[in-house]
Amino acid sequence: MIEVKNLSRHFGGFRAVDGASLSIASGSVTGLIGPNGAGKTTLFNVVAGRLKPTSGTVQMAGEDITGLPPHELFHKGLLRTFQIAHEFGSMSCVENLMMVPGAQQGEVLWNAWFRRGAVRAEEERLRVKAQDVLKFLTIDHLADQKASQISGGQKKLLELGRTMMVDAKIVFLDEVGAGVNRTLLNTIGDAILRLNAERGYTFCVIEHDMDFIGRLCNPVICMAEGKVLAQGTVDEVKNDERVIEAYLGTGLKNKIKEAAHG
Amino acid sequence: MTAQAAAGPGRGLLLAALVAALFFATGMLQSWTLALLIVNMALVSSIMALGVNIQWGYAGLFSVGTMGFVALGGLSVVLVSSSPAPGGWAAGGPGIVLGLLMGAATIAAAVMAAAKLPKGRTRTLGVAVILIVGFFIFRAIFDPAVQAVEANNPAAHGNLGGLGLPVLMAWPVGGLLAAAVAWAIGKTALGLRSDYLAIATLGIAEIILAVLKNEDWLGRGVKNVISLPRPVPYEVDLQRSQAFLDWASSWGFDPITASSIVVRLMYTGLFAAVLLALIWLSQAALHSPWGRMMRAIRDNEVSAEAMGKDVTRRHLQVFILGSAVIGIAGAMMTTLDGQLTPGSYSPLRFTFLIWVMVIVGGSGNNWGSVLGGFLIWWLWVMVEPIGNGLMTVLTSGMSDGWLKAHLINSAAHMRLLTMGVILLLVLRFAPKGLLPER
Amino acid sequence: EDVKMGIILGFTGPLESITPNMATGAELAITEVNESGKFTLGTVVPVRADSTCIDAAAATAAADRLITAEGIKAIMGADCSGVTGAILQNAARTNGVAMISPSATSPALSTAEDDGLFFRTAPSDARQGVVMTEILMDKGIKTVALTYTNNDYGKGLADSFAEAFTAAGGTVTINAPHEDDKADYSAEVASLASAGGEVLVVAGYTDKGGKSIIQASLDSGAFSTFVLPDGMVGQKLVDDIGEGLTGSFGQYPGTDSQGAEVFQSLATAAGFDGTSAFAPESYDAAALIMLAMAAAGSTDSKDWAPKVMDLANAPGEPILPGELGKALELIAAGTDIDYVGATAVELIGPGESAGNYREIEIKDGKIETIRFR
Amino acid sequence: MDILNALVAFLNFVFIPGLAYGAQLALGALGATLIYSILRFSNFAHGDTMAIGTVFVILLTWGLQSMGISFGPLPTALLALPVGIALTAVLLLATDRVVYRYYRRVKAAPVILVMASLGVMFILNGVTRFIIGTSDISFTDGERFILTAGDFRSWSGLAEGLAIRTTQGVTVVIAMIAVALLFWFLQKTRTGKSMRAFSDNEDLALLSGINPDKVVAVTWIVAAALATTAGTLYGLDKGFSPFTYFQLLLPIFAAAIVGGLGSPIGAIAGGFVIAFSEVMVTYAWKKVVTYLVPEAMAPSGLVQLMSTDYKFAVSFVILIIVLLVMPTGLFKGKSV
Amino acid sequence: MAEPFLIGEAMTGGYGGADILHGCTIAVEPGEIAVIVGPNGAGKSTAMKAVFGMLSLRAGAVRLKGEDITALTPQARVAKGMAFVPQTSNIFTTMTVEENLEMGAFLRRDDIRGTMDQVYTLFPILKEKRNQAAGELSGGQRQQVAVGRALMTQPSVLMLDEPTAGVSPIVMDELFDRIIEVARSGISILMVEQNARQALEIADKGYVLVQGGNRFTGTGQALLADPDVRKSFLGG
Ligand SMILES: Nc1ncnc2c1ncn2[C@@H]1O[C@H](COP(=O)(O)OP(=O)(O)OP(=O)(O)O)[C@@H](O)[C@H]1O
Ligand SMILES: Nc1ncnc2c1ncn2[C@@H]1O[C@H](COP(=O)(O)OP(=O)(O)OP(=O)(O)O)[C@@H](O)[C@H]1O
Ligand SMILES: CC(C)C[C@H](N)C(=O)O
Ligand SMILES: [Mg+2]
Ligand SMILES: [Mg+2]
């Protein structure tokens, strides 16, 4: 589905992404992990058109999409969420979702003025769909709340909800789990798997919660210092020495025990 | 309507009634012709405010080039409806057109070269050469033609002259002219953020004005065009018409007052029709998915872009629409004034005062713009007597002397001072505007 | 009974620094008439309103308010040609009230539709250019640099002067506008200096861009002699610039009548600067209005407006400032008068000042009259 | 060929006036940019703040002069300046108390503050005129020139003169000192840093124990100092008239914007960009060229790219071009 | 039982509209780690803000060392030795990393070098980026700056709203480690966590908040052991 070749993105002299090559297979749920500052978000931003690459190419289904603006990529079926939630603060939650689908009739002024019937019908359909999504995310009671006035975790849910409003080909999720209650996260995980299985979405997921990654993702790619460090199944990556050293660490358990004794 | 409803349906009506009462009081206590005069300009101001609201309230574009588009609307009245200047076109019309085409071709060629040539030295050099050579050819063709036109009876004409068409046609043309210029501006400057866009548009408005003031061949520059045709009859003509005099006396009206009231009511009708049409279009747009998309873009461009909305294009669209509305209002105002005086356009009056209307009315709310337009314009006109009155009250207790004389002499400055105080009071008690977005 | 006279000038806005003296000038005439006790139609009461000079709509509203709500019988104003035209068309003509502007000088106003309701005590700018050319030619000056304030007054004057001067064989090296009240005039001075010329003609205002340009030109050594048309002649300029202005010359409306001096001493006595731009014209405008009312025996514009031309022009007993009481007596006695006033008013054609000029030169910090043209 | 005369003509008519004007704009822009960066709004009342600050200084100067106090070759107004600054600061603090504080508390959008500043502008506008009237006032004294055109001519034997006014020299020197001080203050001192923190994230500044009232107060005081200094220097050089000070607002903001809002160095750079673009692009190069080329080739035209009518337009075109290449100005300003 | 060191007692209030908190009580002792968990939107952040005085309570009180501080402003609480890392916008984005840390120590008059070095050892990446604007950092790096800023205060109560959101496992371990260490030095720690299991492991006391009220309260271990809590709030 996505083929990233030799991609680099520099900020001044700093190489946030430094010649990374990776591919995301069609129909997979690919995990992307790596230490803070490894360049994961930057990679997403370049692929999704938010940043221009310094060098390298990105292909989607064989087509070169390097440097295309985000809105065009959206219409090609590439969606993304943001690590720091980017809600539309002055709009209600349900409006936040309803605005997502592309090519709405009512977004053309002419229709808004002179084909009001058709627009109204379309709106009804969208509203029902949006309500369903909100219900699924357990925040349907917030439908009419302004998005600026919901909790941090709820914002992340809304962020995820937007990807569910349209038929995407590939969805990039940047740490949807951070700040989301773990029980709910499990439900989200299920939803991702279901969208993947039933609707054939391809996912690429950045996450620091290894349980979540373990449950969802195959394969897993680990980045470090702008490059791909390791790639493989969850277990392979988890047990990779370099990954452990750079990212996972040796675990907390021992220290807690020490603490308890001390 | 929903916006108003959300703010409490009572509040909107109450405020509307309050403003209506202000005008009614003006009619009763001062004179009805004056009240109508203020109403007419208030209608025009409301349309200008509506245009600004479309740009700022809908899409968050901090454009303060309002004055420029008002002036362009005014120019369209001269171009469309003033009478042709004898000999003006023959003197250099073709040369001017050719020169302008040459200028446009130069810019087009430069843009094309910038796109085609490989990045680097050659490109910079190529574009620079095209621009410089083009500039000199442009001046070589353009300058003599302009001189010829401007030398054609400068005291009375000195310009190409208008088409002599009905003045009402100038209104849509004003909108189109403003839209066309807005397109060119939008293409270059809309990438800028917040206050940077503001100063850029402020500057562009000054540039438009500089052109209007200094290109005499266009609209006589600072020499002004006066006595533009009217869409309604002249009062003096009514006063001379027997039918009118009979009608007036049958109702027991004084013919002079009656004539000016009738004429002003005609303007009111025309302006109100335009305002209502625009308001309807604006409301329909705002409360549609289009409006929702605009609000999304205003809230968060990055996210809207990721959700498939072409932010750049939408910004351009809304910038053009808003500018067109302002251009129409500009043409209406020049029609009402009956003259184009480029020297009289100042940012304070035609940009910031309009912004005050939008903000006081409640940005993002179309009815707010209308309310703001009416209220602020009424104040703008009436603070003068209010300020003078205040000063009289202030000084009444004082004994004669230097201070009293000084204060009375300064009374005129109460005008802006009072305006400031009132503005602060309104903002203080309705910091989100009188009719908040919701 | 009160007879209200509107004094509509730009008390705020770009002309705010000269309008107070203009208004005071007009009010001086009113006080004089009231105190003479010879004005039988009532007590004249001045009512000020702000024309803003730039906001046609606000000016129209102000004028309309004065006419329809305050019931003024005449307008002394407005100042700038732009708002004057707007008030004329949308308030004065509409309501049939006559106006005399002391300072709107745009030639275009000569041909404006006015139903006989519009006069001005300032000459149209066309004439002054010719007079200025004659002065320069007499002095043997053949090349000049020219800068003007970028409004209808400045532009009209500059154009007419450039045409006359070139026709007389002179060269205008540069004809550059300047905007008043701007932050800086270095660019203008630089270009004027570069273009060069024996003298610099400054068609501007004493306390605005014109003054700044003269100051900067002197400081940088670009020019040492300046030609000063009406807007630039004022004692304040001479005082502010000082020594450097010695030898500069110019002209402003006036005949060899005593009017201007008399007016200046009246003004000094009343505590304001009588040389301030357009203050004498304002006095004359107000005086003419009242004399015309007296002559018509009515305060209704359609009665008194037709009398204005008559009173202003010969034949008749000449009337200087300070002699308004005498004029009223003569009018009452049925004697013909010729109002000369502070600016030697002579109304021609469509009711505007004919434009007689006084040639002046700056000597020892004083404005000295050389001759009349 | 007369390179020396050409150079002197250029210095005298382009460089020195441009430098002084640039410094005046820069000082104004520093104040505007400071308020923008800390309090996060474009203060439209800044021009009128400069005006009223200058009025205080003028009144004090008259007082000093009537007491016979002078400052040697320098203008007496410089002696009055510190007191003028203090008075202006008091005024601004009071304004903040009455007007702006409320909007900060309700966390109003910046545009509301801009509109409120418009209201303040109207009021200051009136107050200034109440106090000192509308006519223009010249209050400079002391030695007028550092170097006069005539002296330079006789000293150098050149045809062209070179004049430097005292006020020009003072302006440039003070502008340099002011920017250095401001830069040091914001970047290095504790108070300066807390001001930047406050401007960045007000809530978090509170959580760090930064006292917002103090930050705001210091900002207004510094702004008062900058505005009064800018206004006084401008008035000394070019004369004081209230209307002109209002008109200064536009070039001042243009300067702050080209340089990058919030950046002190940007304000300085912006001031010079605006000033020099006005003077240079519309300059008639005739004189300079005439000195440089053989007599036979001397130009008959003015050799002027654009007439001075468009000087303002030119500086804005340059501003727009700069912004197109660097969207937040030359020195990476902020945007709210 | 004696009065706890810091207690927000029976807090009721919200953002102006309907109440978010309904009689919620949270307390922590010196040297103790108290962890708040709960579903999204339960009011955890609101409770933290309430304790820190960032919204006004309709009922209930906040007391520190027995002193009623309900009416104090946030700044005044900072002066009393409380420090808080909010969940969102918790760094100065235009200032450098080092300046962010300095701002954390704004009220301190002693030498801050030592504390800063400690923060740098805890988060080595920050030392590398010390002169970079914090707004240019990655999500996890920002979070480290935010926590580092609070540590600079050397408070007696440290309140953290989801300090580990978005940080990598290795850093999270370090962070928890450090929190334990800080607590041992006698400082009270009050934190909200969604990485709840790890957090409760080190917690002395745990609160489960649901719809603005206390649902479960107990020691960290007790909550971890409660199957209901595990299933409904800790993800099984
Ligand atoms: N605008 C920028 N300017 C300078 N450096 C930047 C910028 N954006 C990101 N960086 C740097 O690039 C590096 C990679 O950042 P990125 O956000 O891609 O990390 P990440 O892998 O997503 O980390 P995390 O897991 O913490 O979110 C970081 O070191 C960051 O400091
Ligand atoms: N600024 C606000 N104005 C109005 N309501 C708000 C505001 N912020 C949050 N809320 C509401 O208060 C409730 C509690 O929010 P809070 O942020 O305390 O939740 P939380 O427990 O921290 O959730 P999360 O784990 O998602 O961060 C939510 O339902 C939310 O909708
Ligand atoms: C008072 C003057 C500035 C008026 C000017 N003569 C004009 O016609 O506009
Ligand atoms: Mg990231
Ligand atoms: Mg929270």
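Each chain gets a letter, A, B and so on, in the order its sequence line appears, and its residues count up from 1.
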Going by heavy atoms in the side chains, are [X] and [Y] under 4.5 Å from each other?
X         : Y         : value
Met307(B) : His71(A)  : no
Ile297(B) : Phe88(A)  : no
Ser303(B) : Glu87(A)  : no
Lys309(B) : Met99(A)  : yes
Gln317(B) : Leu109(A) : yes

* Asked: Is there any side-chain hydrogen bond (donor to acceptor under 3.5 Å, both in side chains) pair reaching into residues 45-61 of chain A, and which pairs are they, with sequence neighbours excluded?
  -> Asn45(A)-Arg80(A)
* Asked: Does a side chain donor of either Ser288(B) or Arg116(A) reach within less than 3.5 Å of an acceptor in the other side chain?
  -> no
* Asked: Between CE of Met293(B) and CD of Gln104(A), what distance do you get to the nearest 0.5 Å?
  -> 8.5 Å
* From Met98(A) atom CE to Arg292(B) atom CZ, the distance as rounded to the nearest 0.5 Å -> 4.0 Å
* Asked: Side chain of Trp113(A), backbone of Ala284(B): donor and acceptor closer than 3.5 Å?
  -> no
* Given that the side chain runs from C-beta out, which part of Leu73(A) has a heavy atom under 4.5 Å from chain B: side chain, backbone, both or neither? -> neither
* **Taking every non-hydrogen atom, the tightest pair across Pro289(B) and Glu123(A)** => CG-OE2, 3.3 Å
